[in-house]
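Structure, as structure tokens:
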Amino acid sequence: MSPDQAAGGFSLALSEEVQQTRDWVHEFARDVVRPAAAEWDEREETPWPIIEQAAKIGLYSLDFFATQWMEATGLGLVVSFEELFWGDAGIGLSLGGTGLAAVAVASNGTPEQMGEWLPEMFGSPGDIRLGAFCSSEPEAGSDVGAIRTRAVYDQATDEWVLNGTKTWATNGGIADVHVVVASVDRTLGTRGQATFIVPPKTPGLSQGQKFRKHGIRASHTAEVVLDDVRVPGRCLVGGKDRLDARLARVAEGKRVGEQAAMRTFERSRPSVAAMAVGVARAAAEYATEYATQRVQFGRPIGQNQGVAFQLADMHAAVDAARLLTWRAAWMARHGHAFEHAEGSISKLVAAETAVRVTEQAIQILGGNGYTREYPVERWHRDAKIFTIFEGTSEIQRMIIGRAVTGLDVR
Ligand SMILES: Cc1cc2nc3c(=O)[nH]c(=O)nc-3n(C[C@H](O)[C@H](O)[C@H](O)COP(=O)(O)OP(=O)(O)OC[C@H]3O[C@@H](n4cnc5c(N)ncnc54)[C@H](O)[C@@H]3O)c2cc1C
């Protein structure tokens with residue numbers, strides 16, 4: 001760790017540990033993930049053998065996730081995600097999707113809940129487990145307050161009974177542990193919601209439709225149906241006392257802090273931004289290499305200002321997105337509130353950058369860029385997801401707009 005970082009200051013010099021992690025993840029992304037990317041994109045299936053390989057080296061593991069989540073400078077996770085998604089976004093999300101469910105429990109759960117459920121979400125080599133975070137519903141996407149899935153407490157058995165339909169869940173239905181946001185009191189919107197852990201093989205939970213997607217096709221996305229799903233009282237994230245106290249404050253008309261699902265999204269935004277940076281960087285590097293090799297009119301196409309200026313813009317945009325991502329990650333790790341919507345800024349800029357840069361890469365590759373013989377068309381399809389999930393670009397602009405104007409922008 002550099003002296004600046006030891007003092008809690010912001011430094012762009014990555015610590016030795018983070019550099020080692022970056023190089024280790026890059027090696028896996030280069031040697032295992034990227035060569036397998038086209039195949040799993042075509043198969044549109046969860047790449048179990050790759051997850052198994054990642055588990056064997058400890059990359060898909062609770063230990064790796066926890067170490068990077070707690071990493072002192074705050075940059076461990078974002079640097080790792082950039083490398084992994086540089087390899088491939090679909091496979092990257094298959095390896096990283098469990099993290100969102102884990103963050104929902106790690107951010108708001110009790111130490112007992114973390115100790116019990118986080119290992120169940122990752123498993124071990126030879127016994128891979130997955131987690132899924134289920135917030136979105138058919139009628140509640142951007143409008144999280146409209147969640148209809150109900151959670152009713154059964155005092156006689158100390159169980160919660162969940163009913164509803166979740167949609168767009170990454171790893172939904174194939175996960176071992178589902179983390180589900182449900183409404184305890186619908187009249188209160190997000191303030192009446194709570195998060196529940198659904199243990200493996202709980203009766204009543206089933207997979208609905210599996211979606212066939214535009215990009216990130218190696219990542220499984222599906223509906224999750226909850227039909228009288230009974231979970232023990234200890235599966236309410238944060239515990240019942242905390243929920244009861246919050247509902248009592250709301251009933252008295254007192255202000256309560258932001259709802260847990262919102263906090264999960266806010267903390268995870270820099271990580272999602274880092275994924276987008278990885279895809280954008282892959283495209284910028286690939287197009288640069290191509291532009292120095294491809295000859296037209298007797299010279300490399302990169303010698304034309306028209307092409308070189310595009311490459312310059314692409315690399316500048318990737319750099320800018322990364323810096324915003326590192327700033328937000330550093331702030332989150334050091335307990336600085338995103339008072340100027342820095343988390344949303346990182347996600348907005350990185351997502352839009354990934355879409356633009358991958359599109360520019362197709363243009364630079366010409367006809368080749370438009371075929372499946374080259375990876376840039378896949379990267380362009382993959383990049384689009386970053387403007388949609390974990391809050392669309394419009395929702396990020398709404399949050400930033402509120403921060404800059406102080407108005408209740410809607
Ligand atoms: C591949 C994939 C994986 C996903 N993984 C998960 C997951 O693991 N868990 C999970 O819970 N969810 C997941 N999601 C859901 C994702 O977070 C939602 O799709 C997203 O929040 C948008 O919701 P929606 O699709 O219902 O769109 P809508 O909310 O219907 O939005 C449609 C359009 O309207 C715009 N819009 C909506 N409201 C406003 C407004 N107030 N102002 C301006 N514009 C607005 C949006 O920006 C968007 O352009 C995933 C989605 C996809 C596609």
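We count ligands from 1, going down the list as the structure has it; atoms in each ligand are counted the same way.
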Taking atom types as modelled and ignoring hydrogens, do the side chains of Ser268 and Glu390 form a donor-acceptor contact shorter than 3.5 angstrom? yes
Numbered atoms and elements of ligand 1 in range of [X], under 4.0 angstrom, heavy atoms:
X	answer
Glu390	17 (O)
Glu394	43 (C), 44 (N), 46 (C), 47 (O), 49 (O)
Met398	41 (N)
Ser135	10 (C), 11 (O)
Ile385	1 (C), 2 (C), 52 (C), 53 (C)
Lys213	1 (C)
Phe133	7 (C), 8 (O), 9 (N), 10 (C), 11 (O)

The one among Gly391, Ser219, Ser142 that brings a heavy atom closest to atom 28 (P) of ligand 1: Ser142
How are the rings of Tyr290 and Tyr374 set to each other: parallel, tilted or perpendicular (split at 30° and 60°)? perpendicular
Check whether any side-chain heavy atom of Val78 lies under 4.5 Å from a side-chain heavy atom of Leu75, and answer yes or no. yes
Any chance you could measure Phe196, atom CZ, to Cys235, atom SG, to the nearest 0.5 Å? 9.5 Å
Using the side-chain hydrogen bond (donor to acceptor under 3.5 Å, both in side chains) criterion, which residues pair with Asn171? Sequence neighbours excluded. none
When only distance counts, is [X] in polar contact with ligand 1, meaning an N/O pair under 3.5 Å?
X	result
Glu137	no
Thr170	yes
Thr392	yes
Trp168	yes
Thr221	no

Whether Arg333 side chain and Met70 backbone form a donor-acceptor pair below 3.5 Å: yes
Distance-only donor-acceptor pairs under 3.5 Å for side chains of residues 84-93, two or more places apart:
| unit_1 | atom_1 | unit_2 | atom_2 | d |
| --- | --- | --- | --- | --- |
| Trp86 | NE1 | Glu285 | OE1 | 2.9 |
| Asp88 | OD1 | Arg378 | NE | 3.4 |
| Asp88 | OD2 | Gly90 | N | 3.2 |
| Asp88 | OD2 | Ile91 | N | 2.9 |

Check Ile216 against ligand 1 and report side chain, backbone, both or neither, counting heavy atoms closer than 4.0 Å. side chain
Trp168 and Phe211 aromatic centres sub-6.0 Å: yes
Between Tyr153 and Lys240, is there a cation-pi geometry (under 6.0 Å to ring centre, at most 45° from the normal)? yes
